[in-house]
Novice: 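Here it is, the structure in full.
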Amino acid sequence: MVDLNFIPIDYDYFDFNGTPFAKIIGRSDTGKRICLIDTIVPYFWAILKPGVKDKKIKAIQKRIQDIQIHSEKRITKVLKTELHEKKFLEKPVKAIKIFITNLKDIHDVRAEIDYPEIDKTREYDLNFITKYIIERKVKPLFWYKVNATMLDNQEFGGIAQSLNVDMVLKVETIDTLEKYPKFVPKVLAFDIEASDLDPGKGETWMISLYGKNYEKVFTFKGKSKKHKYVQNYEDEEEMLEAFIKAVDDYDPDILTGYFSDGFDLPFLRERAKRNKIKLALGIDGSQPTFSRGAQRTGKIKGRVHIDLLRFIRNAYSQYLQTETLSLNEVSNELLGEKKVNFDAFAATKAKTIDWEKFYEYNLQDSILTYKLFMKAWPDISEITKIIQEPLFNSSRTTMASAFENLVIHSADKFNEIIEKRPHEREIAERRSQPRYVGAFVFQPVPGLYENIAFFDFSSMYGSVIVSYNLSRGTHQDRKHKSSFIGEYKEKPTYFSKEKGMIPQLMEIIIDKRRLAKAEYNKDPNPISKARSNAFKLIANAAYGYQGFFGARYYCIEAASSTAYFARENIKKAIDTFEKNGFKVVYSDTDSIATVLGKKSEKDALNLLDKINKKLPGIMALDYEGLFTRGIWVTKRTGDFGAKKKYALIDKKGKIKIRGFETVRRDWCRLARDTQNKILNLILTTGDDKQALEYLKTIIKKLKDRKIPIKDLIIKTQLKKPISEYKSQGPHVTIAKRMKEKGLPTDIGMLIEYYIAEPENFKNKKRALVRDKARLPDEPGKYDLDYYLNNQIIPSIENIMAVFKINTKELADGKKQKNLFDF
DNA sequence: ATATACACGGATCCCCTATTTCC
DNA sequence: GGAAATAGGGGATCCGTGTA
């Protein structure tokens, strides 16, 4: 017997003698690597129709117990059945819990249960690991007190021998540990350099590894006099073997890369295959396995392979300022560090190669990946703990599926049987639904305003879901004595006032978020910040989740009503501000901007208190702060105020720009920087004088052809295969040309181009922008007219119009003068 | 395949009419 | 003079990218 404290990191399962077992890899509190073997009996539910007599139920149970499935490899039996009082979609039900020997035949067993008294079957679509975590409550990244027996070398077909761990144990008892040590995973970051992106055409030239007190570059190319971390080998095969051994020796819990699901890992796997060796990275000596489908994932047994890009894309990207999620840009923003300035792609094609620089470059990528991982770890870890799915999944999860997993892992607390995933037909039906009305956006009056107080509802949609009890389970098909009355398709729709599972869960999350935020404000530390972040991310996903066609708990009436109640409440608040002498200048979804005018900040806060007292449930309006100036402009197509476009400056001079071209990556640097500068000048000075002078210098510079091409490059993302475009925009045309040149044109790539003057003026065909678009390295004179009329003027015009300045005339006037000069 | 709606604005597409070109 | 080609206006649509 062994007693130890244990933390689960990775989960796997295997069949032995027709029974499934969970294999849980983790660490003991003394840092030993442990594998626990444990099991549960798989089960699913048969929900009975209301009013079935006990005697009848007994008879059904007996019949179910006799079910046997004979397949080629095994016989699956029903082990036992139990009758339970459960809830399904909030309604009390009687349900038979059906235990079976093997999960693989669950669908066949289910098919046998077609008695008229059975309403439906459920929880047959949860995988073994999820079920195991729910049943045994052995959650990832929580500590447990384990009592277990050591396996000898023969048990379970010799599993103890095949695994590279310190101990393999069979669980006797496992209990949560109240006070637990801090867990820091052993992490190794890796990155490869290849002579071609296609493993069929190129080789792996080098592989770098970086961990705590550990740095290595494995290569068979070049020589290093400078760097001790470079290790040379004879050929690719030898290098790969050394890399595999190094990973095995270091024995990390987590192997992380950047885009390693999509490139590094599959590339290595293919190169290993071509070298006729095994890429034995798993703790059992197994090779990585890849999921099929569009989003490929690479799994390594016993070590968690985390593609950091996936996590950053799903969880962080909306909070990042970067224009792409490239390692360089993300590192620069989050770490203030960059990649080594070296063109690896060019190097693979060059005759002479600066190998020392190449090694540095390769290692730096692993260093950045490692540092980014460490920065993201508190968030990854908190999200994992909240949704209770293995790290491999939680690090790749989208927020909607994170929310669903939270529901799945919490259902038992509510005595709820879990709803099934929708069938394809259901999904198609849901997708065909018309859109419901969303947020309210206030039509601003263009102008420059002073002393603007900003307010926003905290967790607007989340708090609406809680306050009005909006969910699938609480949705009613008709009005009851007391119902919340929402709206869908312009008709009332009803929700019970008896608290439902999802609203209750949301309430807990919002409360936990509030606590984590308060804790962070009191004592700023990465853990409380990550907790606050994680709860915020998941809470924000709940509203979208209920309106998402793929959701188990899809409820478009709830989603529509959430938007409806949000609109009602914000409109009411706007009204109250107006009635109390505060002019509202803007509002979008959950925020309200008012000008103080003759009122003081204190007056506004007093009114806020009053508003808050009248808000339903947990809804709350917060004070965001005071802005000294703000500008709203006219829509370009029309003479009224543009929504979702404004700029503010606070007392400290900090500027907040929303929606303007400045923040849009599909405008050229010149237009963005010019607009940014002009907004800055206007907001700081409160007038247009300096801004106008600045604008004139830029226009002159442009006309004098002093602007470098790099400031004129327009970047547009390729969102689908070139052939699928109905409209041949400039970026599509450029992408085609790139393809002809043999350059990569993958979906998701940013296509870069600039607009040049056409060489052949005789071509009278109406000049399309795409015909003038050129690749950045294609020579040409930039098209002055285009950059003036399609970039600078459009981005400035409406700002200057606030001061009654006609930018177009300004620019044209100059142009005429130039023509005369000419 | 993988949360929602609202919104802006460039560029193309496409239809229509006016003008130019050609025989 | 009449048919065909071309230019240009303008709305619809496509497309990408923001805000919340």
Side-chain angles (χ1 to χ4, degrees), chain A residues 293-295 313-314 318 323 396-405 421-422 424 427-428 431 433-444 456-457 459-461 537-554 556 558-560 562-564 566-567 570 586-592 633-638 641-646 656-668 671 714-720 724-733 748 750-751 755 764-773 786 789-791 794-795 797-798:
Chain A
Q295 283 283 33
R313 184 188 293 142
N314 292 337
Q318 64 176 127
E323 273 157 38
R396 285 171 177 78
T397 189
T398 59
M399 282 305 129
S401 111
F403 182 76
E404 181 157 285
N405 278 316
R421 260 197 299 265
E424 251 174 68
I427 291 179
R431 294 186 83 160
Q433 292 295 313
R435 291 188 143 193
Y436 57 85
V437 184
F440 167 71
V441 189
F442 188 95
Q443 179 84 64
D456 53 22
F457 282 89
S459 305
M460 175 62 129
Y461 286 143
L537 283 169
I538 292 169
N540 284 346
Y543 156 68
Y545 171 79
Q546 299 203 92
F548 165 49
F549 53 79
R552 286 173 191 257
Y553 291 92
Y554 171 82
I556 197 166
S560 168
T562 306
Y564 164 75
R567 286 196 306 273
I570 201 157
Y586 191 60
S587 166
D588 184 350
T589 312
D590 61 357
S591 69
I592 298 174
V633 299
T634 312
K635 196 165 154 347
R636 276 186 62 73
T637 50
K643 296 170 175 179
K644 299 189 186 285
K645 269 184 117 168
Y646 60 92
K656 179 172 158 180
I657 298 177
R658 292 289 120 100
F660 272 113
E661 284 73 6
T662 301
V663 301
R664 298 180 60 91
R665 70 173 178 195
D666 54 352
W667 284 71
C668 75
I714 297 162
K715 299 175 189 176
T716 317
Q717 197 184 15
L718 199 65
K719 304 277 274 190
K720 53 188 173 191
E724 280 180 26
Y725 279 91
K726 286 179 189 163
S727 187
Q728 303 289 310
H731 78 294
V732 181
T733 309
L750 271 192
I751 305 295
I755 306 303
K764 284 273 176 71
K765 261 195 166 182
R766 197 167 2 160
L768 292 172
V769 177
R770 65 167 176 234
D771 296 327
K772 300 190 284 181
Y786 178 85
N789 296 321
N790 295 40
Q791 293 276 324
S795 64
E797 203 169 28
N798 296 326

Novice: If you check every side-chain atom of A/F548, which of C/dG18, B/dT4, C/dA20 has the closest atom?
Specialist: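 The answer is B/dT4, which lies nearest to the side chain.
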Novice: Determine, for A/K645 against A/E661, whether the closest basic-nitrogen to carboxylate-oxygen distance falls under 4.0 angstrom.
Specialist: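 Counted as a salt bridge, because a side-chain N and a carboxylate O are separated by less than 4.0 Å.
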Novice: Per the salt bridge (Lys or Arg N to Asp or Glu O under 4.0 Å) rule, what does the pair list look like for residues 539-553 of chain A, sequence neighbours excluded?
Specialist: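 Every pair satisfying salt bridge (Lys or Arg N to Asp or Glu O under 4.0 Å) with a residue in residues 539-553 of chain A: A/D125-A/R552, A/E404-A/R552.
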Novice: Does atom NZ of A/K720 have more than 12 heavy-atom neighbours, drawn from other residues, nucleotides or ligands, at distances under 6.0 Å?
Specialist: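 Yes, NZ of A/K720 has more than 12 neighbouring heavy atoms, counting only those of other groups under 6.0 Å.
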Novice: Using whole Å, what does the distance between atom P of nucleotide B/dC6 and atom OH of A/Y461 come to?
Specialist: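 The distance from OH of A/Y461 to P of B/dC6 comes to 9 Å, rounded to the nearest Å.
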Novice: Do any side-chain nitrogens or oxygens of A/H731 fall under 4.0 Å of OP1 or OP2 in C/dC15?
Specialist: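 Checking A/H731 against C/dC15: no side-chain N or O falls below 4.0 Å of OP1 or OP2.
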Novice: Starting at CD of A/E404 and ending at P of B/dA1, how long is that distance when rounded to a whole Å?
Specialist: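 The distance from CD of A/E404 to P of B/dA1 comes to 18 Å, rounded to the nearest Å.
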Novice: Over all strands shown, is A/A559 touching base, sugar-phosphate only, or nothing at heavy-atom distances under 4.0 angstrom?
Specialist: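 Touches nothing.
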Novice: In whole angstrom, give the distance that lies between atom CZ of A/R421 and atom C1' of B/dA3.
Specialist: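 Roughly 17 Å, once rounded to whole Å.
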Novice: For the residue pair A/Y436 and A/Y543, categorise the inter-ring angle as parallel (less than 30°), tilted (30 to 60°) or perpendicular (more than 60°).
Specialist: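 A/Y436 and A/Y543: perpendicular rings.
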Novice: At under 4.0 Å, does any side-chain N or O of A/K645 touch on OP1 or OP2 of B/dG9?
Specialist: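 So the side chain of A/K645 is within the cut-off, an N or O lying under 4.0 Å from OP1 or OP2 of B/dG9.
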Novice: Taking only N and O in the side chain of A/N790, is any of them less than 4.0 Å away from OP1 or OP2 of B/dA11?
Specialist: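 For A/N790, the contact criterion (side-chain N or O under 4.0 Å from OP1 or OP2 of B/dA11) is met.
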Novice: Compare the minimum distances between each of C/dA20, B/dA7, C/dC15 and the side chain of A/D590, then state the nucleotide with the smallest one.
Specialist: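 In terms of side-chain proximity for A/D590, the closest of C/dA20, B/dA7, C/dC15 is C/dA20.
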Novice: Looking at A/K643, does any N or O in its side chain come under 4.0 Å of the phosphate oxygens OP1/OP2 on B/dA7?
Specialist: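 For B/dA7, OP1 or OP2 has a side-chain N or O of A/K643 closer than 4.0 Å.
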Novice: Which whole-number value in Å describes the distance from A/K726 NZ to C/dG16 P?
Specialist: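 Atom-to-atom, A/K726 to C/dG16, this comes out as 12 Å.
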Novice: Between A/D588 and A/K644, is there a salt bridge with N-O shorter than 4.0 Å?
Specialist: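 Between A/D588 and A/K644 there is a salt bridge, with a charged N closer than 4.0 Å to a carboxylate O.
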Novice: Does A/R770 make a side-chain N or O approach to OP1 or OP2 of C/dC15 shorter than 4.0 Å?
Specialist: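 For C/dC15, OP1/OP2 do not have a side-chain N/O of A/R770 under 4.0 Å.
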Novice: Among the candidates B/dC6, B/dG10, B/dT12, find the nucleotide nearest to the side-chain atoms of A/R636.
Specialist: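 Looking only at heavy atoms from C-beta outward on A/R636, the closest nucleotide is B/dG10.
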Novice: Rounding to an integer number of Å, can you tell me how far A/Y545 OH sits from B/dA3 P?
Specialist: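 Result: 11 Å.
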Novice: Under 4.0 Å between a side-chain N or O of A/K720 and OP1 or OP2 of C/dC15?
Specialist: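 Looking at the OP1 and OP2 atoms of C/dC15, one of them is under 4.0 Å from a side-chain N or O of A/K720.
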Novice: Establish whether the base of C/dT17 is bridged to the side chain of A/R664 by a donor-acceptor pair shorter than 3.5 Å.
Specialist: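 Check passes, donor-acceptor contact within cut-off.
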Novice: Using a 4.0 Å heavy-atom cut-off, does A/V437 contact any base of the nucleic acid, only the sugar-phosphate backbone, or nothing at all?
Specialist: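 Touches sugar-phosphate only.
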Novice: Assign A/G550 to base, sugar-phosphate, or nothing according to its heavy-atom contacts below 4.0 angstrom with the strands shown.
Specialist: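 Nothing: the residue A/G550, judged by heavy atoms under 4.0 Å, touches no strand.
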Novice: Among B/dG9, B/dT12, B/dT2, which nucleotide sits nearest the side chain of A/Q295?
Specialist: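 For A/Q295, the side-chain atoms sit closest to B/dT2.
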Novice: Reckon A/K719 touches a base, only the sugar-phosphate, or nothing at all at heavy-atom distances under 4.0 Å?
Specialist: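 Sugar-phosphate, backbone atoms only, no base.
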Novice: Can you see if the side chain of A/T398 gets near the phosphate of B/dA3 - specifically, an N or O under 4.0 Å from OP1 or OP2?
Specialist: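 For B/dA3, OP1 or OP2 has a side-chain N or O of A/T398 closer than 4.0 Å.
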Novice: Using a cut-off of less than 4.0 Å, is there contact between a side-chain N or O of A/R435 and OP1 or OP2 of B/dA5?
Specialist: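 Affirmative; the distance criterion is met.
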Novice: With a non-hydrogen cut-off below 4.0 angstrom, is A/G544 in contact with a base, only sugar-phosphate, or nothing?
Specialist: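 Base contact.
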Novice: Please determine if a side-chain N or O atom of A/Y586 lies less than 4.0 Å away from the OP1 or OP2 oxygen of C/dA20.
Specialist: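 The answer is no; no side-chain N or O of A/Y586 sits under 4.0 Å from OP1 or OP2.
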Novice: Please tell me if A/Y725 has a side-chain N or O lying less than 4.0 Å from either OP1 or OP2 of B/dC13.
Specialist: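 No, A/Y725 has no side-chain N/O under 4.0 Å of OP1/OP2 on B/dC13.
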Novice: Quickly work out the A/Q728 CD to B/dT12 P distance and round it to whole Å.
Specialist: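 From A/Q728 CD to B/dT12 P: 10 Å.
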Novice: Do A/F403 and A/Q546 make a side-chain contact, defined as non-hydrogen atoms from C-beta onward lying under 4.5 Å apart?
Specialist: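 A/F403 vs A/Q546: side chains apart.
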Novice: Less than 4.5 Å apart, side chain to side chain, heavy atoms only: is that true for A/R658 and A/V663?
Specialist: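 No; the side chains remain at least 4.5 Å from each other.
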Novice: Between A/Q546 (CD) and B/dT4 (P), how many Å, whole number?
Specialist: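 For the pair A/Q546 CD and B/dT4 P, the rounded distance is 13 Å.
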Novice: Closer than 4.0 Å, any side-chain N/O of A/Y436 to the OP1 or OP2 of B/dA3?
Specialist: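 For B/dA3, neither OP1 nor OP2 has a side-chain N or O of A/Y436 closer than 4.0 Å.
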Novice: In this structure, how many angstroms lie between the P atom of B/dA11 and the CH2 atom of A/W667, rounded?
Specialist: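 For the pair A/W667 CH2 and B/dA11 P, the rounded distance is 8 Å.
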Novice: Any base atoms under 4.0 Å from A/Y786, or only sugar-phosphate, or nothing? Heavy atoms, all strands.
Specialist: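 The residue A/Y786 makes sugar-phosphate contact but no base contact.
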Novice: Does A/R658 put a side-chain nitrogen or oxygen below 4.0 Å from OP1 or OP2 of C/dA20?
Specialist: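 A/R658 to C/dA20 OP1/OP2: side-chain N or O found under 4.0 Å.
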Novice: Base, sugar-phosphate alone, or nothing: which one does A/Y646 contact when heavy atoms must sit under 4.0 Å apart?
Specialist: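 The answer is sugar-phosphate, as A/Y646 gets under 4.0 Å only of primed atoms, P, OP1 or OP2.
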